[in-house]
Structures are given as C-alpha cells and as structure tokens.
Amino acid sequence: MRIVRTLPGIALIVLATVACQGSGPDDGESRPADSAPPRSGKELPVAVTAAEPGLLTVKSLLTTLPEPPDDAEFTERALWQMRKHTVAIAGVSGRTSATCEGGEVSEAPGVTTRCTVTYEGLKVPWSIRFSEPAGDLKPYEISSGGRVALTAKSVYGEFWKEYNDVSEHLRCDKVPDLELVAYERDTGHRCQYASSVDGASHWINVPVSVGEGGVVFDEGRSPETS
C-alpha cells in the first residue's frame with residue numbers, strides 16, 4: 001500500500017476512510033427469520049451476536065489523532081500520516097508513537113527512510129522515499145512495510161456489520177486481541193455464517209484479510225462450505 005504525495009500535506013491519494021470494504025454476500029440476500037444453526041460442520045468458537053462498540057469512524061479517527069499544526073516540521077507530519085493510517089487499518093483507537101531511522105525523514109531524492117509506528121506496543125513498519133524534484137515540487141511516497149495491525153474487535157465488529165442482515169448465526173475464530181499480519185494476504189483466520197444449501201443449513205466460511213480500509217472478508221474467493 002502506498003500513499004503518494006507531491007508537496008508535504010497535499011495528498012494525491014487520500015488516506016483510507018474507516019469504512020468496511022469486504023465483498024460480503026449479495027446485497028439481495030436477506031436474513032431468514034426462522035433459520036436454525038447448522039447441526040453439522042465445524043462451528044467456529046466465537047459467537048458474534050451484536051455490534052462491536054468502539055470501532056473507529058472518520059470523525060473519531062481525527063479526534064484520536066488530530067493533525068499537526070501548519071508550521072510542524074515535515075518529519076512530524078509524515079509520522080502523523082503513518083500513525084493515522086496504522087490506526088485506521090486497525091479499526092480501533094490505541095496509543096501510538098512513531099520514529100524514523102536517524103531521527104528524521106531524509107528529503108534527499110532516491111533515499112528511503114524506514115520508520116516504525118508503535119501501536120499498543122505492536123511495531124508496524126513504514127517507509128518514505130522522495131523522488132527526483134519536478135520543478136518546484138518535491139514528490140514523495142509513503143509505503144507500508146507489508147505488515148499491518150489486526151484487532152479482534154475490528155474482525156468481529158466488521159463481520160457483524162457486513163453479515164448480520166444475512167444470517168442470525170455468525171461466528172469467528174478466536175482472533176488475538178492484537179497481532180501483526182501480512183497486508184492483503186489471507187491471515188488464516190475465518191468467520192462464518194449459516195446458510196441454507198440444498199434445503200439444509202450449512203456453515204459458510206469466509207477468509208479474513210486486511211486491506212487499505214481495514215478488515216476484508218472473502219477477498220474475492222469462493223466461500224468455503226463446512
């Protein structure tokens with residue numbers, strides 16, 4: 001994931017909002033009023049029965065991490081962008097700090113500065129690189145280090161938001177409260193919903209991954225029936 005910039009503080013690609021971006025079932029599906037839980041198949045251990053309190057919104061994200069003042073040094077502003085995006089992906093407010101190797105961002109063309117955002121004790125890698133100047137512009141690019149923070153609250157909360165109108169029976173793996181996972185890759189975690197297939201109720205498992213907007217379900221693959 002890359003956040004491309006030209007001048008400091010002017011975004012060409014806007015940071016992701018904290019809205020869900022999973023594929024989910026077809027919009028036309030509706031939750032059966034009297035569906036029964038499946039009697040066969042592997043049932044995942046965590047029942048998802050209600051909305052998860054405390055999930056971030058765009059407004060609460062900006063409240064959690066207010067923008068630095070206009071006269072802030074470039075390094076401070078760049079680290080704020082990394083902290084903001086780290087928290088947005090995690091989906092839940094948390095304590096953050098950030099540092100770069102050498103103590104500041106190098107603005108020399110072609111030089112990559114590696115940085116680290118610490119989110120609730122978890123170290124999340126980032127980097128920033130300036131390209132060759134174009135006239136008066138100093139274009140730069142902030143990139144993820146390929147690893148992002150995943151929170152259990154975000155998994156359960158986003159699964160409820162996307163699937164509670166499809167089935168009254170929702171479950172997920174026991175996800176760690178907080179872990180570092182690969183960006184846009186299958187985390188190995190699964191959530192599931194009950195669905196009628198050939199007249200019988202089955203668990204439909206969907207893989208969990210993390211993208212630019214946070215937790216993603218299904219990742220475009222066919223659901224797994226158990």
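In this chain, residues are counted from 1 in sequence order. We use all heavy atoms of the structure for the numbers below, so side chains are in, but hydrogens, waters and symmetry mates are not.
Shown here are the side-chain hydrogen bond (donor to acceptor under 3.5 Å, both in side chains) partners of T86, two or more places apart in sequence or in another chain: W126. Considering only residues two or more places apart in sequence or on other chains, T49 meets the side-chain contact (heavy atoms from CB on, under 4.5 Å) condition with A47. Contacts of E73 classified as side-chain contact (heavy atoms from CB on, under 4.5 Å), with partners at least two apart in sequence or in another chain: none. With sequence neighbours excluded, the residues forming a side-chain contact (heavy atoms from CB on, under 4.5 Å) with P69 are D71, A72, E76, listed by chain and number. Listed by chain and number, the residues in a ring-ring contact (aromatic ring centres under 6.0 Å, His included) with Y119 amount to none (sequence neighbours excluded). Looking at residues two or more places apart in sequence or on another chain, you find a side-chain contact (heavy atoms from CB on, under 4.5 Å) between A182 and R147, R185. S60 meets the side-chain hydrogen bond (donor to acceptor under 3.5 Å, both in side chains) test with T57; sequence neighbours excluded.
For residues 89-100, the pairs satisfying side chain to side chain donor-acceptor pair (under 3.5 Å) are T64-S93, R83-T96, R95-E120, with sequence neighbours left out. Sorted by first and then second residue, the disulfide bond (SG atoms under 2.5 Å apart) pairs involving residues 145-195 (not counting sequence neighbours) are C172-C191. For residues 64-117, every residue pair satisfying the disulfide bond (SG atoms under 2.5 Å apart) rule, not counting sequence neighbours, is listed here: C100-C115.
Here the straight-line distance linking atom OG of S195 with atom NE2 of H169 works out to 11.5 Å at 0.5 Å rounding. The CG atom of L44 sits 13.0 Å away from the NZ atom of K174 when rounded to the nearest 0.5 Å. In this structure, NZ on K84 lies 8.5 Å from CG on L65, to the nearest 0.5 angstrom. Distance check, rounded to the nearest 0.5 Å: CH2 of W80 to OG1 of T75 gives 15.0 Å. Atoms OG1 and CD1, from T151 and I89 in turn, are 11.5 Å apart once rounded to the nearest 0.5 Å. Atom-to-atom distance recorded for K123:NZ and L180:CG is 11.5 Å, nearest 0.5 angstrom.
A distance-only check finds no donor-acceptor pair linking the side chain of R114 to the backbone of E101 [under 3.5 Å]. Y156 places a side-chain N or O within donor-acceptor distance of the main-chain N or O of V175, the cut-off being under 3.5 Å.
Checked against the 6.0 Å centroid threshold, F74 and Y140 count as a close aromatic pair.
Within the 4.5 Å cutoff, the side chain of E179 has no heavy atoms near those of the L122 side chain.
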